[in-house]
Amino acid sequence: MSAAAWPISMRTGRPDGRVGRPGAGRPALAAKDPGLTPALLELVEDRTQGDPMKPLTWTSKSLRRVADELAAQGRKVGRDTVATLLKAAGFSLRSNARVLAGSHHPDRDAQFRHLNDTVAAFLDAGDPVISVDTKKKEQIGPFARPGHEWTPPGEPVKVLDHDFPTHASGTAIPYGIYDLRRNTGFVVVGTDHDTAAFATSCLRRCWLEEGRAAYPRAKRLLITADGGGSNGSRVKAWKAILAVLATETGLEISVCHLPPGTSNWNRVEHRLFSFISLNWRAHPLTSYETALNLISAPIPARLIDPSDRANYVMHATATAREHETPH
């Protein structure tokens, strides 16, 4: 048997299998250069930001850049060593924490509790509760989409290098309606403007096509929505047109708005729009049919009729008289 095939413990005769004596081997760079760690920490220290005399001010603190700056000081060190020293000093990779909610009204918690209690009361009574919102507008055309997707070998899908609006053939405006009780969604894709008339038309279509059959005995409907946008709390046209919808359907419609800056807590964001984003991932929206087909895989989707587009005027308003008149 050759020596190379022997177990290490048989070749060395040591019970722990070590080849060299303890302490043998090349010493660590930090041990050879006691000033290496302080020089590294000085480069990445947050207090250096804003000082024009520091080499890493207003630049990325990547491992490669830090190693290059240390090499410029006469300390030749690799990226792996920089990472090891930073971890030993307690550093770690971090991203921004989106936890600041901006202004905090003293009644914000009470508003959330009222919304939660109202939703629970409607659900306990068997009445429909829906969450609504308008997703970000998307340009229709050969534009790049974020994300990656597994594709067969060959060239990737070619798209425009710039997203200029003049190159778009239209705009897709997805309006989402999420049914909390049935855990189902309904999407209407608009092509003009996101107005109160458009939002109410989406609600009307959803109720006529699905809601009426799902809740044949319903006498009231609860809508939860953001505080801004086409269905905002201060949009008088939304309230006026919604009163017309209540008269048409015979429903007692109630609306609960989330406090400003808390749209992330709107259920439609997570339960409906997340699936749209997944289906649109890495797929250029070259036409309205493409956008609808990608949505329609898990969610019923509709495109507004051409006859409806004239109703979605950009500056739809309601007079104060209409706003104050009870319906």
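Not measured: the values here are computed from a predicted model.
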Indicate every side-chain donor-acceptor pair of residues 221-232 with a distance under 3.5 Å to a residue at least two apart or in another chain.
unit_1, atom_1, unit_2, atom_2, d
Thr224, OG1, Ile130, O, 3.3
Asp226, OD1, Asn266, ND2, 3.1
Ser230, OG, Asp194, OD1, 2.9
Asn231, OD1, Tyr175, OH, 2.9

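Cluster membership for Phe143 and Ile173, using ILVMFWY side-chain heavy atoms within less than 4.5 angstrom, is not shared. Note: the hydrophobic cluster containing Leu36 also contains Leu41 (ILVMFWY, side chain heavy atoms under 4.5 Å, direct or indirect links). No continuous path of ILVMFWY side-chain contacts below 4.5 Å connects Ile140 to Leu160, so the two sit in separate hydrophobic clusters. Grouping the Ile, Leu, Val, Met, Phe, Trp and Tyr side chains by contacts below 4.5 angstrom, directly or via other members, places Phe122 with Trp265.
Taking the six-membered ring where the residue is Trp, Phe164 and His162 present parallel rings, their angle staying beneath 30° rather than reaching 60°.
No donor-acceptor contact under 3.5 angstrom links the side chains of Thr81 and Thr84, judged on distance only. A donor-acceptor pair shorter than 3.5 Å cannot be found between the side chains of Tyr288 and Asn293.
When all heavy atoms are compared, the tightest approach of Pro216 to Ala213 is CD-O, 3.6 Å. Smallest separation of non-hydrogen atoms from Gln111 and His257: NE2-O, 2.8 Å. Shortest non-hydrogen contact noted between Trp207 and Pro128 is CZ3-CG, 4.3 Å. Residues Thr184 and Tyr178 share a closest heavy-atom pair of O-CD1, 3.3 Å. Considering every non-hydrogen atom in both Thr290 and Pro284, the closest pair reads CG2-O, 3.9 Å. Scanning both residues, Arg79 and Arg64, for their nearest heavy atoms gives NH1-NH2, 2.9 Å.
When side chains are defined from C-beta on, Val129 does not count as touching Arg182, because their heavy atoms never get closer than 4.5 Å. At least one side-chain heavy atom of Pro165 sits under 4.5 Å from a side-chain heavy atom of Gln139. In this structure, the side chains of Val235 and Thr195 stay at 4.5 Å or more apart for every pair of heavy atoms. Residues Arg145 and Glu138 meet the side-chain proximity criterion, which asks for heavy atoms closer than 4.5 Å.
Salt bridge annotation for Glu269-Arg267: absent, with no cationic side-chain nitrogen under 4.0 angstrom from a carboxylate oxygen. With respect to the salt-bridge test (charged N to carboxylate O, under 4.0 angstrom), the residues Arg113 and Asp109 qualify. Here Lys219 does not pair with Glu252 in a salt bridge; the nearest charged N to carboxylate O distance is not below 4.0 Å.
When the shell of 6.0 Å around NE2 of His114 is examined, it contains 12 or fewer heavy atoms from other residues, nucleotides or ligands. Around the CG atom of Asp80, the shell of radius 6.0 Å holds no more than 12 heavy atoms that belong to other residues, nucleotides or ligands.
The distance from the CZ atom of Arg205 to the OG1 atom of Thr200 is 13.5 Å, given to the nearest 0.5 Å. In this structure, CG on Leu272 lies 9.0 Å from CD1 on Ile177, to the nearest 0.5 angstrom. One finds the CG atom of Leu258 at 9.5 Å from the CZ atom of Arg108 (value rounded to the nearest 0.5 Å). In this structure, the separation between NZ on Lys135 and CH2 on Trp280 is 6.5 Å, given to the nearest 0.5 Å. With rounding to the nearest 0.5 angstrom, the CZ atom of Phe273 is 9.5 Å from the CD1 atom of Ile295. Here NZ of Lys239 is found 6.5 Å from OG of Ser233. Values are rounded to the nearest 0.5 Å.
Counting only distance, with no hydrogens or angles, the side chain of Ser274 and the backbone of His270 share a donor-acceptor pair below 3.5 Å.
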Item to check | Residues Leu40, Leu70; criterion side chain to side chain contact (heavy atoms under 4.5 Å, CB included); working and verdict | outcome: CA-CA 7 Å; Leu40 171 63; Leu70 290 174; 4.2 Å; yes

Next on the checklist: Test side chain to side chain contact (heavy atoms under 4.5 Å, CB included) on Ile241 and Phe198; report intermediate values, then the result.
Outcome noted: CA-CA 10 Å; Ile241 305 175; Phe198 167 64; over 6 Å; no

Next on the checklist: Run the side chain to side chain contact (heavy atoms under 4.5 Å, CB included) test on Thr171 and Thr191 for me, step by step, so that the C-alpha distance in whole Å, both residues' side-chain angles and the decisive distance to 0.1 Å come before the verdict.
Outcome noted: CA-CA 5 Å; Thr171 303; Thr191 61; over 6 Å; no

Checklist entry - Please walk me through it: do Tyr215 and Arg220 pass side chain to side chain contact (heavy atoms under 4.5 Å, CB included)? => result CA-CA 10 Å; Tyr215 302 97; Arg220 58 179 186 166; over 6 Å; no

